[in-house]
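First comes the structure, then the notes that go with it.
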Amino acid sequence: AEQIRIVGSSTVYPFSSYVAEELGATTDIRTPVVESTGSGGGMKLFCGGVGDKTPDITNASRRMKPSEFKMCQDNGVTDITENVVGFDGIVVAQSKQDDAIDLSREQITLAVAAKVPKDGKLVDNPYNKWSDIDSSLPDREILVYGPPTSSGTRDAFEELVLEHGSENIDGYGEAYTKIRQDGKYVPSGENDNLIVKKLAQNKDAFGVFGFSYLEENRDTLQGAKVDGVEPERDLISSGEYPVSRSLFFYTKNAHVEKVEGMKDYVDMFLSEQMASDRGYLKNLGLIPLPEDRLKSERSEWESRAKLKASDLKG
Amino acid sequence: MSQGISLTPSRQLKKRYRAERRFKAYCVGALLLAMAFLVLFFADMIRQGHSAFVQTQIRAEVTYNEDTVKFTSEAVDESIAPLVSRAFFRAIPRRVENNPDLMGTTQSVWLTANADVDQYRKGYTDRLEPEMLSALERLTSEGNVGYGFNKGLFFSGDSKIPSNAGLWSAFVGTFYVMLVVLAVSFPIGVATAIYLEEFAPDNRFTQAVEININNLAAVPSILFGLLGLAIFINFFGVPRSSALAGGLTLSLMTLPVIIISTRAALRAVPQNIRQGAQAVGASRWQAIRDHVLPLSLPGILTGTIIGVAQAMGETAPLLLIGMIAYIPDAPTSMTEAATVLPAQIFTWAGMPERAYVSLTAAGILVLLSLLITLNATAVILRNRFERRW
Amino acid sequence: MDTSQTLLVFFGGLVPMAAIAFVLGRRKALLSDARGARMHSLPGQYGVYVATWMALPALAIGIVAACAVLVGVRVPAAPFVLSFALFAAAIGFAMALRRVEPSLRARNAIEKFVYWTLFAASLVSILTTFGIIISILFEALKFFNQVSVWDFVTGTNWSPVASFRPGQDVADSQFGSVPLFAGTFMITAIAMTVAIPVGLFAAIYMSEYASYRVRTLAKPMLEILAGIPTVVYGFFAAITVSPLVVDFANYFGLNASYTNALAPGLVMGIMIIPFISSLSDDVINAIPNSLREGAYALGATKSETIKQIVLPAAFPGIMAAALLGISRALGETMIVVMAAGLRPNLTWNPLEDMTTVTVRIVDALTGDQSFDSPETLAAFALGLVLFVVTLTLNLISIIVIRKFRQSYE
Amino acid sequence: MTGDTTQVVRVPTMERPRVNQSTKMSIGDLAVWYGEKQALHGVSMDVYENEVTALIGPSGCGKSTFLRCLNRMNDLVPGVRIEGEVVLDEQNIYAPEVDVVELRSHIGMVFQKPNPFPKSIYENIAYAPKILGQIRKRTDMDDLVERSLRRAGLWEEVKDRLSSPGLSLSGGQQQRLCIARAIAVSPSVLLMDEPCSALDPVATATVEQLIDELKENYTIVIVTHNLQQAARVAGYTAFFHLGNIIEFSDTDSLFTHPREKKTEDYITGRYG
Amino acid sequence: MTGDTTQVVRVPTMERPRVNQSTKMSIGDLAVWYGEKQALHGVSMDVYENEVTALIGPSGCGKSTFLRCLNRMNDLVPGVRIEGEVVLDEQNIYAPEVDVVELRSHIGMVFQKPNPFPKSIYENIAYAPKILGQIRKRTDMDDLVERSLRRAGLWEEVKDRLSSPGLSLSGGQQQRLCIARAIAVSPSVLLMDEPCSALDPVATATVEQLIDELKENYTIVIVTHNLQQAARVAGYTAFFHLGNIIEFSDTDSLFTHPREKKTEDYITGRYG
Ligand SMILES: Nc1ncnc2c1ncn2[C@@H]1O[C@H](COP(=O)(O)OP(=O)(O)OP(=O)(O)O)[C@@H](O)[C@H]1O
Ligand SMILES: Nc1ncnc2c1ncn2[C@@H]1O[C@H](COP(=O)(O)OP(=O)(O)OP(=O)(O)O)[C@@H](O)[C@H]1O
Ligand SMILES: [Mg+2]
Ligand SMILES: [Mg+2]
Ligand SMILES: O=P([O-])([O-])[O-]
């Protein structure tokens, strides 16, 4: 093949395609094709085998699953290098005209979980207003626009906010399972200009989405503090902001020699100019890795460190 | 014997005439409503899209030297640099490489402004930093800011930089896809139509085929996407995202359109032409080849054009076969990744940057003018060659 | 040798060979003609006969080999297949050439060949339907292995649980498709509320009232509506109509979601107007003029004739047109993907957001869940139901329209 | 048969009173164009009250055109232009103040192909009286339906299945249904355009007999391509040729002593 | 005209030799079904060489069906079933080994509505000889075109515009073009299905005259609804009724002394 093919996460897609474009514009290499198939879809295509018809790189907003790794192995995709390229903060945003707000993860959990403890028992979520949860919270209807079940962002939100929250709430006996379905939580497309309009129009509403989206709409939106921490780049990068995840991409090393420009692409993705704190991807909303972490990622790549099953456990 | 019957309207008849007028008003109203929508729609698209056909440009002194090739943003004045599209800066090294004479010169050129500046000047957003605002004001008062035709919209591929984004790769992709659609669906469609209209015995099987074709014409397009994914890509191994995969999938959707209109065209050729030919000793196929097909050709072509135009606007099935992706380079073969105009529009419609809204509308205007041209061609062809027997 | 090279050699060899076969066949026929034999067919027809018999066996072998490769059966190497095909071609050629005699009915043989070729072409459409069924059915069955059909069809709760991480209990997922179909039907109902009256009345106007000039102007205009791509309608619904609906609702003190069902419904209705109007136009035109004249001759006015004679007679056809419109609305994808919500919502209020079957299919297949997760497989189950529903509607209306046409022919 | 023999075709005619007729309709200088093409070239003739007038002539000569001018059905043809006058009971039906809808309810019409509405037999008859507001009560309507069907000689055949569809009748019955439908609104003139040409011989005979009975109460104008039919049913016959009336006189003289060569050629079968 | 008078219609007939004819085609027990419906009920008759045979009868009696069986054009109708035999020069044309395409080049056919190909006059004539491979050289073809057009009496009218479309001719000319087209491949039998019914009287006369000339070289079977036409051109006439041959004899006797009551009723205009 003469053209790099990249698939995978919709969260990484904007960064990945930006790097692809830069590569195409500044070198003689053909611009790689980047398709947003979702992390899972990307893994499926990526692990489908080696050769012309399979993608060279897959992006992911989560780590490869052992089952996916196994599929890769079974199909002869044995030499894979894993890289983290930055973080994605998941923010809870509202209209700029609202009063600034600070939500704890427990409060968010009580607002959107399907079941909450009440009088020692788990009952269907009875809360209609934030002030029902905690009188210190504003007297606003609960209305959260968030990612749909098919989205990885939803998964991360559930893991990082709701599961964590449920563990810390007294009386939440069993494990958290589900988001409420009574219209207080409205699944919405993530890359959707409408969500901005919705938040601007409905001052009650909150939106849950990736940090980059907040960044793009700073003129109309503001992020809520979570557990007292602002969704700011530095705070996410340092891990202080509690709701963030790593962004990955996986490279098929068997293709590196065969596909022109693959090395240049990965080099560029991990370069100062792109991925660092002064790099361009920051403008698109990527939370860059700390400097030393980025360096170590680069050396992993240089050495084509081979992903092992044991890496993925835990 | 009825004498002196009155032929002027009676009172009762006047009442009936009022009902008559009311009914006609509903009918006219319905048509006007549909027309009004069309007007509203186009007005809205033009309102949203017209501004994307021009772009803010800024005249600046560009210096090419060793330094600026490395640190490209220093090629223009520090205060101006933030206003200029990144696409310009990143291309500096290659530009110098391709044209070494530039090295060491300073030139006054019109540069494309970045999307923020452009959107600000067009009155859509207001989020320029104060320094940028003042720089822009200064440049404007010096006459160094203006609008230029957005050539990139037609001649460059997709880009994550709105001011640099264009439809070229989608044009080329559309062209390839339509080639496949034509090459596959035209012969098969016409052959099927000839079979059904001229040869098929009137039995259960033929009826099943006919009903099946009519049904195919109304099967949800998304299901064709599932078919393309499962059969062409996964089973036959056609490369994902390729013009070939898209074209084959769309061919199957176009097939019924071509079959149905070809059959109509064949049916319009009077039976006595066939009989005349066969009565002088032509075989069935000779009669069709020599007389029926030439006569029905305009009708067949009309149907084909309409079918192709329909395929050209189709998006849903392409969602599933990977043609909605970031594909900025125009494909050079059937098996390379390609995107098409409606797919590009869909991609842009989902982009978070505000500038893509008017780009989307502009893309729509371009696509619609293509489609209307095609359809108008079909209508003219039909009117020109329509024969009454 | 890779595929394209093989193909090149294959056709590169076949085409000139066929040409030679044609020339030789024709020459032999001309020779016997010159010797005074009364040939059954024209010399050229003998040429085509020989060329066809040469090319057919080679093509057959090529196709069989290609299919075998695709299906994964082990086949001999390409050069071997190639030489085998060429060998078969040579045999076919020799036999056909030998049979060129005055009594050979070459024309009839060609005729037969043409017939079977055309017949084969007509099978493509059947294969397409099978292809659709096959590509949906297997995955759908996998889904129904995990979720009972009954729960799927009657359940009112659609809440798949993400299956991203190990340990997530997929069994907590609920796949009750009722809310999805409710949303689909709601949007379809809104669309048809717009499309049927407007389309039907417009059709009546054009077929009964409009002058020739108005008709030649209005028809293409309506055809433009039919020619606007759905992605464009989707953009229009999402960017322009949805906010308008919200503003309107606010004006009347109502609360409307930005992804309300009304906006895509309205826009879809507009999209379907031309379908309804052109089909109804056909149907109304199929009503013989003698019926209208019969009514006029009795002293009926035009609208009385239309309402009481023409429309009742055309009713089955109009009904069928409406069914076709409904089937189109049910399967429409882009408009709802762009403008409708993602929330399974069982409600009568069209100002709320609700999701549809096609939205779910697209969302599941382009989303992040793994390919074998129940949610992804559910897309195929939904596709299957959608196929069955639209197939039923289409069949009914196709059959009704056929019957209707026959009764007025 | 050698030499110039003459072949005899018998045409039976019926007894007919030879009283002086009063004129019901009077057509003056009627000219019709379809677009550029002129179909009638200034035709004048009278239609006598309670008489059957037949129009004959070769195909395309303008018989139907003429007939359809008498109840202004031709107004409906796009691009038609009509000049001249048609006087019905001293009133020109082409005068501007005349209402066509009203007019047509006074002049009934029966077409070549039976065209019953796709409704029940009952409704086929009741339709026009209802929309014209002539009859409001159900029992009156029942009476009218029965009376009309009786007159058309169809009552006995259909009285047990008035609610079955009109289209379920045989061709001849359908045509009589159409006649019943036409007379239900009590028109004073009845126009018939080749009413028997789609019928078999038996049905034809029934309809011919019906026409003979109807002329007691109605003025009838009938187009036919069957010369014998004209001879059998009509008191007066007009021969059309290329949009002109060549000859108009009582049927007997027209068939036995045609004044014009063209008429003679036509009725002896030299053309047509 | 009072009482039961008889009206006389003259039918001139022409001189015709009364030699004993040899049989060109012999039809035995021909029965045809369209789907369930039987259109011909075992019809037998002979067609004599170099004679004109007319088929007459009321509409729908099966004349066209019968005619179209003679060159197997009826094979093309979907759902048709044909039994019986049609022997042409001692060969049953329904025998399995007969090639219909070949057969039709020996039996020409002219249709009711002139149907020239939408091509030039020249190509209309040249088409069949070309695809049949009868003529290869351009000059031979020119000759043939001229000869055929001359025979059809059209040459003088069209010789200067052989390349203008066949459809630009008048109706009568088109019909003669179709006859020229049919005779260009030298058939031995010529079938004509109401060839004059779409023509005006003048064109009709020309075609009738042409038929009279052609019978020198061709065996002609002609369907007509015009009794006078049958009487004028045909030596033999068959009267069809409801799918049966009621009477078949030489034209003179059929018209002057019909053996059957039905025939007499028909030719005197009691039905049809
Ligand atoms: N709607 C029309 N538009 C154009 N020309 C017409 C129309 N109706 C009739 N004509 C032409 O006007 C002429 C007279 O037609 P008309 O139908 O009155 O003849 P006719 O005597 O009734 O013939 P037929 O016996 O075939 O019914 C014909 O040449 C016909 O072609
Ligand atoms: N293709 C067909 N399918 C079904 N029935 C047919 C078909 N062609 C003719 N018929 C029927 O067969 C019978 C004989 O038809 P045919 O055309 O031979 O009559 P005809 O004597 O030529 O009448 P006309 O004088 O009207 O041409 C008729 O009842 C007709 O309805
Ligand atoms: Mg007429
Ligand atoms: Mg016939
Ligand atoms: O596309 P995802 O990043 O959400 O997996």
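Numbered from 1 within each chain, the chains take letters A, B, ... in sequence-line order. Just so you know, these numbers come straight off a predicted model, no measurement behind them. Heavy atoms only: backbone and side chains are in, while hydrogens, waters and symmetry mates are out.
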Heavy-atom contact with chain A under 4.5 Å, split by part of I161(B) = both
Engaged part of S169(B) at the chain A interface, taking heavy atoms whose separation is under 4.5 Å = neither
task = With a 4.5 angstrom heavy-atom cut-off, could you sort out which part of R94(B) is near chain A: side chain, backbone, both or neither?
result = side chain
message = I'd like to know whether OH of Y280(A) has more than 12 heavy-atom contacts from other residues, nucleotides or ligands below 6.0 angstrom.
response = yes
message = Whether D219(A) and R354(B) form a salt bridge (side-chain N of Lys/Arg under 4.0 Å from carboxylate O of Asp/Glu) is what I want to check.
response = yes
request  = With a 4.5 Å cut-off on heavy-atom pairs, point out which of E336(B), R95(B), E97(B) contacts chain A the most.
outcome  = E336(B)
ask   = Which bit of T27(A) is near chain B, if near means a heavy-atom gap under 4.5 Å: side chain, backbone, both or neither?
value = backbone
query = Which atoms of A338(B) come close to chain A, meaning under 4.5 Å heavy atom to heavy atom: side chain ones, backbone ones, both, or neither?
reply = neither
Full working for ring-ring contact (aromatic ring centres under 6.0 Å, His included) between Y326(B) and Y13(A) = CA-CA 9 Å; Y326(B) 176 68; Y13(A) 167 76; 7.1 Å; no
Engaged part of Q273(A) at the chain B interface, taking heavy atoms whose separation is under 4.5 Å = side chain
query = Between T37(A) (side chain) and G42(A) (backbone), is there a donor-acceptor pair under 3.5 Å?
reply = yes
Greatest number of heavy atom pairs closer than 4.5 Å to chain A - which of A87(B), S241(B), G157(B) = S241(B)
request  = Check each atom of I6(A) against the heavy atoms of chain B and say whether the ones under 4.5 Å are side chain, backbone, both or neither.
outcome  = neither
query = Quick one: of E35(A), R5(A), K53(A), R218(A), who has the most non-hydrogen atom pairs under 4.5 Å with chain B?
reply = E35(A)
Y356(B) and W348(B) aromatic ring geometry - parallel, tilted or perpendicular at 30°/60° bounds = tilted
ask   = Where does the angle between the aromatic ring planes of W168(B) and F171(B) fall among parallel (under 30°), tilted (30 to 60°) and perpendicular (over 60°)?
value = perpendicular
remark   = From the list S159(B), P239(B), P93(B), A91(B), the residue making the most non-hydrogen contacts under 4.5 Å with chain A is S159(B)
task = I would like to know whether S85(B) and S163(B) meet side-chain hydrogen bond (donor to acceptor under 3.5 Å, both in side chains); could you show each step before the answer?
result = CA-CA 7 Å; S85(B) 166; S163(B) 58; 3.0 Å; yes
message = Please classify the contact between P55(A) and chain B as side chain, backbone, both or neither, with a heavy-atom cut-off of under 4.5 Å.
response = neither
request  = Look only at the side chain of D158(B) and the backbone of A165(B), and say whether a donor-acceptor pair between them is shorter than 3.5 Å.
outcome  = no
